[in-house]
Chemist: 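Handing you a structure now.
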Amino acid sequence: MPEQSYDHKSIEPKWSARWAADPTLFAPEENSSKPKFYVLEMLPYPSGALHIGHIRNYSIGDALARFKWMRGFNVLHPMGWDAFGLPAENAAIKNKREPAEWTHYNIEQMKRQHRRMGFSYDWAREVSTCEPEYYKWNQWFFIRMFEKGLAYRKAALLNWCRECATVLANEQVVDGCCWRHEDIPVEQKELTQWFIKITAYADELLRDIEKLQGGWPDRVLAMQTNWIGRSEGTEVDFTMDGTGEKVRVFTTRVDTIYGATCVILAPEHELVKKYVSGDNAAAVKAMIDARATQAPGEAEKVGIFTGLHAINPYNGEKVPVWVANFVLTGYGTGAIMAVPAHDERDFEFCTKYGIPIRAVIRPDDGSTAELPFCDYGVVANSGEWTGLASADARKKMSAHAAANGFGEASITFRIKDWGISRQRYWGTPIPMIHCNACGVVPVPDSQLPVLLPADVELSGKGQSPLAGSASFVNVPCPKCAEPARRETDTMDTFVDSSWYFYRYCDAQNSDAPFDPKKIAYWFPIDQYIGGVEHAILHLIYSRFWTKMMRDIGLITNDEPAARLFTQGMVIKGGAKMSKNKGNVISADSMMDDFGADTGRLFELFAAPPERDLDWTTDGAMGAYRFIGRVFRFVTRSIDRFDTPGIPGDADRKVLRKLHQTIQRITDDFESRWHFNTSIAAFMEFVNELYAQESELTGATLREVSEKTVLLLAPFTPYLCEELWEMMGLAGPVFKQPWPVFDPELAKEDGAEVIFQVNGKLRGKATVAFGTAKDALEQLALSDEKVKPFVEGKAIVKVIVVPDKLVNVVVK
RNA sequence: GCCCGGGUGGCGAAAUCGGCAGACGCAACGGACUUAAAAUCCGUUUUUCCGCAAGGAGAGUGCGGGUUCAAUUCCCGCCCCGGGCACCA
């Protein structure tokens, strides 16, 4: 077989077709004795077109999956579609195509592209979240949560995007704007909606972050910690002067309460509705309206004095009660005590309105602090508490409130319950029925799934599209059989992605979401891979869902994924790829030009995986050239495999480099995940092959050719499968054992020791490993290059690190 | 403002435990092969200075300091870039 030139267009379709024809090829073994490994990439939204940004995520996961197979694991590597969502609905309105039809077409396109890329998915486990077989279980889970009080309905101020014509979860609001429409400010609307009580798990979600440390990026854990926002403090009742009503405030700094010079209510506070009237009521209304459209944090602080006073239970002082726009209604009790001397916001507000400022905390060092002084210190001017340290005072003063019945220690979380109602069509119908007599009644399990009706007009405006379908809405009450109405909102699509990875373990199950035994085998996910943009949305919902499923007795694991990896973005010309900028490169055109293997290899090589990666055509050409170099070497070596010969220096050098490369790539996979350095090491190895090629014996050529193919198999599977077959070996390559590192073969002949004088490199020598320190010192001092720098100077000391260096310190 | 990342040649980057800074690749340049080009193969490429040359000397990892025989790596203080959070009481 003479040298052949590499042509991806003939190789890749051939193997792609073979792989597609064998549905068991990438399936894990049943009842396997091998250790299991579950590798998962976040499932995509089926937009219809894979681009080179998507394939980075999958290339990393696929390299890992193939490596783990070669390392003898039973690998689960599934893929599916996050198939509900607004784009399908918008496309339906625009193109007059059914959302289902549009979505199915896109899934087909994207699946074809995935197959063309050669990713090793077990397609028998494919999950599409828009199928009734899947969303039935969303409904089933919802009812379970309803039964446990974890799903409930309430009227609340909600984030509303007029462009999406639906409400958004708090997690979907970015910089005060919609996550899908970065220039549309989110408005506040009061609506009655379904909520999932994620706050019931706030403490555990926070606590278990500890279990994820080491396995999840610190950045993601920090973001989740902030998002959950646990804060320890005290709730204290101030008594309204005159009426005797209580106003409860939340503070983390009860030690400063003697410095409270007013109480401030959020504009939506109950007492404001009750007691503020006339001009003031209009001003409060204006405040609420302004807040509905204004990005938070940018508004100037404004307030109105209510005319009321409240009594501080600690010192009996009567302070004015204000309403102000900077007090949040949804956090704590919706009311605060203002301590302007020790809080920047209170300081700003009270200064503006001439409210007194009284210092009650002194710095630890006894100095006089400039106000506002917001650190901990020593309590002053505070009656019996004077002289205590802040931390101590917080505890004692909290206990005092509890003992006297006007308050208690309290823990407040920033995270709020997850509002999941969406006034849109293309999502999971919420399986609830509204009956005039019985109230809200869940759809009986036997009637699930509640199917999305087909006879719905989509306008993209106004209220829930499902409300327009009479056949959908009108239903007898499951309890009393009287006419009743179905809930017409659908679920947030983040419900779909909160548990899809469990369904992969048992995707065809029609009796249950999954068989718990299968979950017990596969979970937790050993490696989850996806974009950091999901750090608080998907990843916090998924953690919650896992805990919820555990508590209804379905599973036993506390967390979904043991390890998480967040890869960097692929950018083009310094900018994120986007349709607007017109710099999107489709996976198809990339594969036409370079092939799937080249695309993978370049993306894994050009930067470490967690960092952003700049796609360049020149760089991709380099990867293509390299693949050609490997291809030519192996194909022209095959004829020489049986040529006899006595191994010499060249053979030894090449085998040494081979084993050094095996070690580096194996280590990179097992610990660092820096595939860029794996591939660089591999390139060095190939350069050595080229340098020594003509001297090599047939046996060595065979050995290095085979090992080359095995080592490269996780990165360029098409190339390797082809070469493996050309060498006459039985495939598939990714089920062959990974090459074993032999430290003896990898060992260098001797240690290269460098000679320094005053830390500067002056000479070097190769010595036997383990050469004694004083021998090394003598060698250095007698080195011709070292001598001139030492002569005539006093040697202060000599540092010798065996096998590494000698540093002569002179004066 | 707070919390994470990051800053190294013309470019992407490497240096895994404090021990030769710039591996590997791109681009550029030179050579071989070729009638020619492409492809391929080989080589040069941080920078300044001295030298006709072989070669030699110095500087250099955002800036300033420190620890050390030795710092891209550890410590302190700053600057810049990217991301997250941001009236959360």
Side-chain angles (χ1 to χ4, degrees), chain A residues 3 5 174-176 217-227 229-231 233 249-253 256 264 295-301 324-328 330-339 342-346 348-349 374 412-416 532-533 535-536 568-569 602 605-608 610-623 625-626 628-629 632 664 667-668 671-672 674 676-687 690-691 752-764 785 788 796-801 804-810:
Chain A
E3 169 183 314
S5 64
V174 177
D175 288 335
D218 288 341
R219 182 160 62 130
V220 171
L221 297 180
M223 282 163 77
Q224 293 209 354
T225 302
N226 288 337
W227 188 260
R230 184 179 194 273
S231 144
V249 303
F250 173 73
T251 176
T252 55
R253 292 296 303 274
T256 66
I264 310 176
E298 283 169 17
E300 201 201 339
K301 290 180 176 53
N325 64 341
F326 73 98
V327 176
L328 301 173
Y331 182 77
T333 61
I336 63 161
M337 62 176 199
V339 183
H342 305 297
D343 182 283
E344 292 200 18
R345 295 151 305 179
D346 297 347
E348 188 191 330
F349 182 79
C374 305
T412 298
F413 291 93
R414 206 187 85 104
I415 191 172
K416 298 198 188 92
V532 73
E533 65 273 17
I536 46 183
M569 282 188 306
F602 174 68
F605 172 66
E610 71 277 6
R611 224 183 285 182
D612 286 351
L613 166 99
D614 209 338
W615 176 275
T616 63
T617 306
D618 284 337
M621 274 308 300
R625 265 199 296 273
F626 175 72
R629 223 166 130 78
R632 284 188 303 276
R664 284 185 62 182
D667 284 355
D668 277 344
S671 58
R672 289 205 318 161
H674 277 198
N676 55 327
T677 57
S678 300
I679 294 165
F682 194 83
M683 288 171 168
E684 284 185 57
F685 169 55
V686 172
N687 290 344
Y690 268 69
E752 193 179 46
V753 174
I754 60 164
F755 301 147
Q756 296 178 330
V757 179
N758 285 348
K760 286 205 174 100
L761 177 69
R762 297 302 179 191
K764 51 178 88 172
K785 297 216 168 120
V796 179
K797 65 171 153 177
V798 182
I799 313 282
V800 183
V801 182
K804 282 225 165 126
L805 96 167
V806 179
N807 187 12
V808 185
V809 185
V810 298

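Each chain gets a letter, A, B and so on, in the order the sequences are listed, and its residues count up from 1. Computed from a prediction, not measured in an experiment: that's the story for all the values here.
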Chemist: If I take atom CG from residue A:Asp346 and atom CD1 from residue A:Ile336, how far apart are they, to the nearest 0.5 angstrom?
Modeler: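 If we round to the nearest 0.5 Å, A:Asp346:CG and A:Ile336:CD1 are 4.5 Å apart.
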Chemist: Taking only residues two or more places apart in sequence, or in another chain, which ones meet A:Phe755 in a ring pair (Phe, Tyr, Trp, His ring centres under 6.0 Å)?
Modeler: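 A:Phe755: no ring pair (Phe, Tyr, Trp, His ring centres under 6.0 Å) contacts found.
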Chemist: Mind checking what makes salt bridge (Lys or Arg N to Asp or Glu O under 4.0 Å) contact with A:Glu533, not counting sequence neighbours?
Modeler: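 Per chain and number, A:Glu533 pairs via salt bridge (Lys or Arg N to Asp or Glu O under 4.0 Å) with no residue.
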Chemist: Got a sec, which residues hit side chain to side chain contact (heavy atoms under 4.5 Å, CB included) with A:Asn758, two or more places apart in sequence or on another chain?
Modeler: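 Partners of A:Asn758 by the side chain to side chain contact (heavy atoms under 4.5 Å, CB included) criterion, ordered by chain and then number, come out as A:Val809, A:Val810.
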Chemist: Can you pull every protein N or O that's under 3.5 Å from an N or O on nucleotides 55-59 of chain B?
Modeler:
| residue | atom | partner | partner atom | Å |
| --- | --- | --- | --- | --- |
| B:G58 | OP2 | A:Arg762 | NH1 | 2.9 |
| B:G58 | OP2 | A:Arg762 | NH2 | 3.2 |

Chemist: What stems show up for RNA chain B when you take Watson-Crick pairs (N1-N3 plus N6-O4 or O6-N4) and G-U wobbles (N1-O2, O6-N3), both under 3.5 Å, and require three or more consecutive pairs?
Modeler: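 Looking at RNA chain B, the stems formed by three or more consecutive pairs are B:1-7 with B:79-85, B:10-12 with B:24-26, B:28-32 with B:40-44, B:46-50 with B:55-59, B:62-66 with B:74-78.
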Chemist: Could you list the residues that satisfy salt bridge (Lys or Arg N to Asp or Glu O under 4.0 Å) with A:Arg672, not counting sequence neighbours?
Modeler: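 With neighbours one apart ignored, the set is A:Asp668.
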Chemist: What contact category does A:Val796 fall into here, base, sugar-phosphate, or nothing, at under 4.0 angstrom with non-hydrogen atoms?
Modeler: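 No contact at all - A:Val796 keeps every heavy atom at 4.0 Å or more from the nucleic acid.
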Chemist: Is it the case that over 12 heavy atoms from other parts of the model lie below 6.0 angstrom from the CG atom of A:Asp612?
Modeler: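 It does: A:Asp612 CG has more than 12 such atoms within range.
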Chemist: How does each nucleotide of nucleotides 16-27 of chain B score, in 5' to 3' order, for protein heavy atoms under 4.0 Å: base (B), sugar-phosphate only (S), or none (-)?
Modeler: B--BB--BBSSS
Chemist: List in chain and number order the residues that pass side chain to side chain donor-acceptor pair (under 3.5 Å) with A:Thr251, two or more places apart in sequence or in another chain; answer none if no residue qualifies.
Modeler: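 For A:Thr251 there are no side chain to side chain donor-acceptor pair (under 3.5 Å) partners, ignoring immediate neighbours.
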Chemist: Has A:Tyr690 got a side-chain N or O lying under 4.0 Å from the OP1 or OP2 atom of B:C41?
Modeler: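 Checking B:C41 against A:Tyr690, a side-chain N or O does come within under 4.0 Å of OP1 or OP2.
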Chemist: What residues, two or more places apart in sequence or in another chain, satisfy salt bridge (Lys or Arg N to Asp or Glu O under 4.0 Å) together with A:Arg664?
Modeler: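 Partners of A:Arg664 by the salt bridge (Lys or Arg N to Asp or Glu O under 4.0 Å) criterion, ordered by chain and then number, come out as A:Glu684.
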Chemist: Tell me, please, which residues at least two apart from A:Lys416 pass side chain to side chain contact (heavy atoms under 4.5 Å, CB included).
Modeler: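 With sequence neighbours excluded, A:Lys416 shows a side chain to side chain contact (heavy atoms under 4.5 Å, CB included) to A:Asn170, given in chain and number order.
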Chemist: Return the nearest nucleotide to the side chain of A:Arg611; candidates are B:G84, B:C87, B:A13.
Modeler: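 So the side chain of A:Arg611 is nearest to B:A13.
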Chemist: When we call it a touch if two heavy atoms are under 4.0 Å apart, what does A:Pro608 touch: a base, just sugar-phosphate, or nothing?
Modeler: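 Sugar-phosphate, backbone atoms only, no base.
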Chemist: Using the C1' atom as the reference point in each nucleotide, state the distance between B:G9 and B:A21 in Å, no decimals.
Modeler: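 Looking at atom C1' only, B:G9 and B:A21 are 11 Å apart.
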Chemist: Across the strands shown, which category fits A:Arg414 at heavy-atom distances under 4.0 angstrom: base, sugar-phosphate, nothing?
Modeler: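 The residue A:Arg414 makes base contact.
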Chemist: Quick one: list whatever passes salt bridge (Lys or Arg N to Asp or Glu O under 4.0 Å) with A:Arg253, sequence neighbours left out.
Modeler: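 Counting only residues at least two positions away or on another chain, A:Arg253 forms a salt bridge (Lys or Arg N to Asp or Glu O under 4.0 Å) with A:Asp255.
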Chemist: How would you label the glycosidic angle of B:C17: syn (within 90° of 0) or anti?
Modeler: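 You should classify B:C17 as syn.
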Chemist: Name all residues meeting the side chain to side chain contact (heavy atoms under 4.5 Å, CB included) criterion together with A:Ala335; count only those two or more places apart in sequence or in a different chain, and write none if there are none.
Modeler: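 Residues passing side chain to side chain contact (heavy atoms under 4.5 Å, CB included) with A:Ala335: A:Val247, A:Val249, A:Leu265, A:His269, A:Thr333.
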